[in-house]
Amino acid sequence: MSQRKERRGIHVDQSELHCNKGCGYYGNAAWQGLCSKCWREDYQRARQKQIQEDWALAEKLQREEEVAYASIQGAQSQPLSQPQASLAPFSKFEEKKTNEKTRKVTTVKKFFSPSSRTAPKKENQEGKTPSPSISRQSSIETDRVSRDFLDFLKTLHKPGREVHKQSRAFIEIMANKKDLSADELSECVQDFYQNLSDRLMTHFKGSSERVERVMDEVEKYIMTRLYKSVFCPETTDDEEKDLATQNRIRALHWVDIQMLCVPVDEEIPEVSDNVVKAITDVIEMDSKRVPRDKLACITRCSKHIFSAIKITKSEPASADDFLPTLIYIVLKANPPRLQSNIQYITRFCNPSRLMTGEDGYYFTNLCCAVAFIEKLDAQSLNLDPEDFERYMSGQASPCRPEADSGWPQVDPPTGSATSSPALSQVYQNLDLLSGLGSRQDRVLEGVQSLQRDLITWQETVEREVQEILEKYPLEIRLPTPSAIDSDNVENDRLPPPLTPQVFAG
């Protein structure tokens with residue numbers, strides 16, 4: 001089977017990464033293959049069209065209300081001398097018109113009510129209350145970002161004060177728009193970015209580098225403050241998509257390097273280190289709060305992938321090598337809340353970063369990798385459909401035949417089973433365990449021998465002591481009693497002892 005045929009399900013032309021309208025910028029699957037600029041233009045046109053249709057429908061309903069009201073007034077102004085039998089049908093007619101009017105008025109209100117554009121909340125707020133430790137950590141980070149933002153704005157002098165004023169006002173406005181949908185929140189943030197960027201471009205007289213630096217700090221300040229309310233909002237199905245993607249990746253745990261044609265040799269220590277770093281970076285993306293920081297994690301992950309491929313092939317990596325390796329890294333990492341992070345970056349990142357540059361290129365490839373994982377089938381991996389379904393259901397594994405239900409032996413078998421780095425590591429561990437088992441047996445034998453020697457030594461000592469006691473019995477001689485002054489040679493010169501005398505009272 002040729003190399004080209006093996007890559008038929010993974011290969012992506014570079015032209016497919018660009019906007020479908022041919023503007024030259026990078027597209028995004030979340031924007032139907034469009035860049036942020038073209039998508040916003042289409043979204044605004046569709047929104048204006050929807051507003052016009054809503055107004056037309058509202059005017060139509062208003063005219064129907066006026067006609068119904070006029071008919072009711074005309075019926076009420078008729079003479080009261082009509083037969084009593086005709087009052088019942090008229091009462092039903094009036095009740096029907098009143099109900100119709102109430103329904104139409106309610107419909108009109110729904111069209112122009114913000115709540116009509118948002119999905120009902122599936123969970124109460126109590127279920128999503130963060131723990132005190134998380135709240136303290138986020139508060140500390142918010143305060144630190146605010147201080148850094150103020151310190152940065154001090155270097156801009158007068159423009160800095162205006163930027164700070166506009167940013168704080170925007171945050172207060174967004175705090176009062178909790179009933180907006182995710183797309184509307186994104187539209188508000190992107191409009192603020194565009195308006196502030198245009199004003200800064202006028203002030204700095206076309207210095208795009210200075211404007212981009214200021215906008216990066218503005219994005220960091222604003223999105224850190226708004227992170228809790230705009231990341232994975234309840235009005236979206238981001239959480240359900242996260243669970244579906246996580247379960248999908250978990251079911252694909254059996255996919256190995258050979259199936260994806262990944263040009264990486266994890267047996268090389270440097271390559272293995274780069275793979276681990278790439279997995280760590282893509283997992284770390286969820287811990288960041290600013291879209292630019294999340295993009296930086298993706299960029300670092302991608303650079304580690306390119307390094308691993310370059311070391312393995314001893315030549316620069318190509319785009320055809322990068323995408324399969326990125327898919328492999330995502331499958332091994334199974335990053336938390338992957339869909340929510342992608343949507344968060346798409347909605348609230350500075351659009352210039354997603355349309356051009358290496359950040360935009362790597363992010364577009366990540367979106368392609370996730371889309372490929374969601375649509376991965378037997379044809380993409382050159383497998384038989386029945387085998388693919390058995391692997392997905394867990395009934396069999398491509399690394400271990402179904403009939404082989406026992407543990408692998410210490411000596412690794414020859415064949416395709418040894419091509420997996422994981423199996424090679426397993427066999428190495430089994431060899432180490434076998435060596436440790438023999439060492440443990442030798443230690444136990446030494447312990448038992450030492451125990452026997454101690455018992456023999458104790459018996460020998462007791463026997464020798466007993467023989468000595470029998471040969472030299474112990475005799476205890478009691479000392480003879482003597483006076484206290486018996487050893488004193490000058491007792492004769494001592495005066496006589498005192499004799500007690502009794503005096504009569």
Side-chain angles (χ1 to χ4, degrees), residues 25-32 34-41 43-44 47 117-118 138 141-142 145-146 149 163 166-198 200 211-239 241-242 284-299 335-357 359-360 362-364 366-367 370:
Y25 296 124
Y26 290 118
N28 195 306
W31 295 329
Q32 290 76 45
L34 303 177
C35 66
S36 61
K37 180 176 179 294
C38 296
W39 182 82
R40 287 192 65 199
E41 292 176 353
Y43 176 79
Q44 290 176 354
R47 188 176 180 184
R117 297 188 295 268
T118 60
S138 61
E141 183 176 359
T142 301
V145 171
S146 299
F149 185 61
V163 170
Q166 295 292 334
S167 300
R168 287 186 60 87
F170 177 74
I171 292 174
E172 293 177 359
I173 292 174
M174 292 295 293
N176 298 324
K177 292 185 177 182
K178 298 180 179 180
D179 54 351
L180 295 182
S181 64
D183 290 337
E184 290 170 335
L185 291 172
S186 174
E187 188 71 14
C188 292
V189 174
Q190 296 298 333
D191 287 341
F192 176 76
Y193 286 162
Q194 186 64 40
N195 295 332
L196 184 59
S197 178
D198 293 341
L200 290 174
V211 172
E212 183 177 356
R213 183 183 177 189
V214 174
M215 291 305 302
D216 289 342
E217 295 296 330
V218 170
E219 176 190 334
K220 182 178 180 181
Y221 173 69
I222 289 178
M223 298 316 302
T224 302
R225 298 289 297 271
L226 299 178
Y227 180 79
K228 291 183 179 180
S229 59
V230 300
F231 182 84
C232 191
E234 296 181 351
T235 57
T236 64
D237 58 348
D238 294 347
E239 187 173 356
K241 291 181 180 179
D242 289 334
E284 188 182 0
M285 175 179 60
D286 185 61
S287 64
K288 305 299 181 181
R289 300 165 68 92
V290 184
R292 179 166 57 92
D293 295 340
K294 293 180 181 292
L295 276 179
C297 293
I298 300 174
T299 301
R337 299 191 293 185
L338 180 59
Q339 292 286 356
S340 294
N341 283 288
I342 291 177
Q343 293 296 331
Y344 178 73
I345 296 173
T346 302
R347 292 166 184 158
F348 304 107
C349 184
N350 194 335
S352 62
R353 288 188 172 273
L354 299 182
M355 293 190 298
T356 57
D359 290 342
Y362 294 141
F363 179 71
T364 304
L366 177 62
C367 295
V370 175

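Each residue takes its place number in the sequence, starting with 1.
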Indicate the ring-plane relationship of Phe348 and Tyr344, choosing parallel, tilted or perpendicular according to the 30° and 60° boundaries.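 Because their plane-to-plane angle lies in the 30° to 60° range, the rings of Phe348 and Tyr344 count as tilted.
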
_Residues Val290, Tyr227; criterion side chain to side chain contact (heavy atoms under 4.5 Å, CB included); working and verdict_ = CA-CA 8 Å; Val290 184; Tyr227 180 79; over 6 Å; no

Set of salt bridge (Lys or Arg N to Asp or Glu O under 4.0 Å) partners for [X], sequence neighbours left out:
X      : answer
Asp238 : Arg347
Asp286 : Arg337
Glu284 : Lys288, Arg300

Just wondering, do [Y] and [X] contact through their side chains at under 4.5 Å, heavy atoms?
X      : Y      : result
Leu200 : Val163 : yes
Asp216 : Arg353 : yes
Cys188 : Leu180 : yes

Those residues that, when tested against Tyr193, pass ring-ring contact (aromatic ring centres under 6.0 Å, His included) (two or more places apart):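 Not a single residue meets the ring-ring contact (aromatic ring centres under 6.0 Å, His included) criterion with Tyr193.
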
Which residues share a ring-ring contact (aromatic ring centres under 6.0 Å, His included) with Phe192, sequence neighbours left out: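 Checked Phe192 against ring-ring contact (aromatic ring centres under 6.0 Å, His included); matches are Phe170.
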
Fill in: Presence of salt bridge, Asp359 and Arg292, under 4.0 angstrom
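Salt bridge: no.
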
Calculate, to the nearest 0.5 Å, the distance between atoms [atom1] and [atom2] belonging to [X] and [Y] respectively.
X      : Y      : atom1 : atom2 : result
Glu219 : Thr224 : CD    : OG1   : 9.0 Å
Asp179 : Leu185 : CG    : CG    : 9.0 Å
Leu366 : Ile345 : CG    : CD1   : 7.5 Å
Asn350 : Lys220 : CG    : NZ    : 15.0 Å
Met174 : Leu226 : CE    : CG    : 5.5 Å
Ile342 : Lys241 : CD1   : NZ    : 10.5 Å

Q) If you look at every heavy atom in Ser197 and Val211, which pair is closest and at what distance? A)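 Here Ser197 and Val211 meet closest at OG-CG1, 3.7 Å.
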
Quick one: do the Gln194 and Asp198 side chains pair a donor with an acceptor below 3.5 Å?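 Result is yes, a qualifying pair exists.
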
**Prompt:** Is a side-chain N or O of Gln190 found less than 3.5 angstrom from the main chain of Cys349, in a donor-acceptor match?
**Reply:**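 Yes, the answer is positive, given that a donor and an acceptor are paired below the 3.5 Å cut-off.
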
- Message: Run the side chain to side chain contact (heavy atoms under 4.5 Å, CB included) test on Asp191 and Glu187 for me, step by step, so that the C-alpha distance in whole Å, both residues' side-chain angles and the decisive distance to 0.1 Å come before the verdict.
- Response: CA-CA 6 Å; Asp191 287 341; Glu187 188 71 14; 3.7 Å; yes

(Q) Restricting to side chain to side chain contact (heavy atoms under 4.5 Å, CB included), what partner residues turn up for Ser146, sequence neighbours left out? (A)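 Once residues adjacent in sequence are excluded, the partners of Ser146 under the side chain to side chain contact (heavy atoms under 4.5 Å, CB included) criterion are Thr142, Tyr221, Arg225.
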
Could you walk me through whether Tyr362 and Leu295 pass the side chain to side chain contact (heavy atoms under 4.5 Å, CB included) test, one step at a time?
CA-CA 8 Å; Tyr362 294 141; Leu295 276 179; over 6 Å; no

Note to self: Before you tell me yes or no, could you show the steps for Phe149 and Val218 under side chain to side chain contact (heavy atoms under 4.5 Å, CB included), namely the whole-Å CA-CA distance, both residues' side-chain angles and the distance that decides it to 0.1 Å?
What the structure shows: CA-CA 8 Å; Phe149 185 61; Val218 170; 4.1 Å; yes

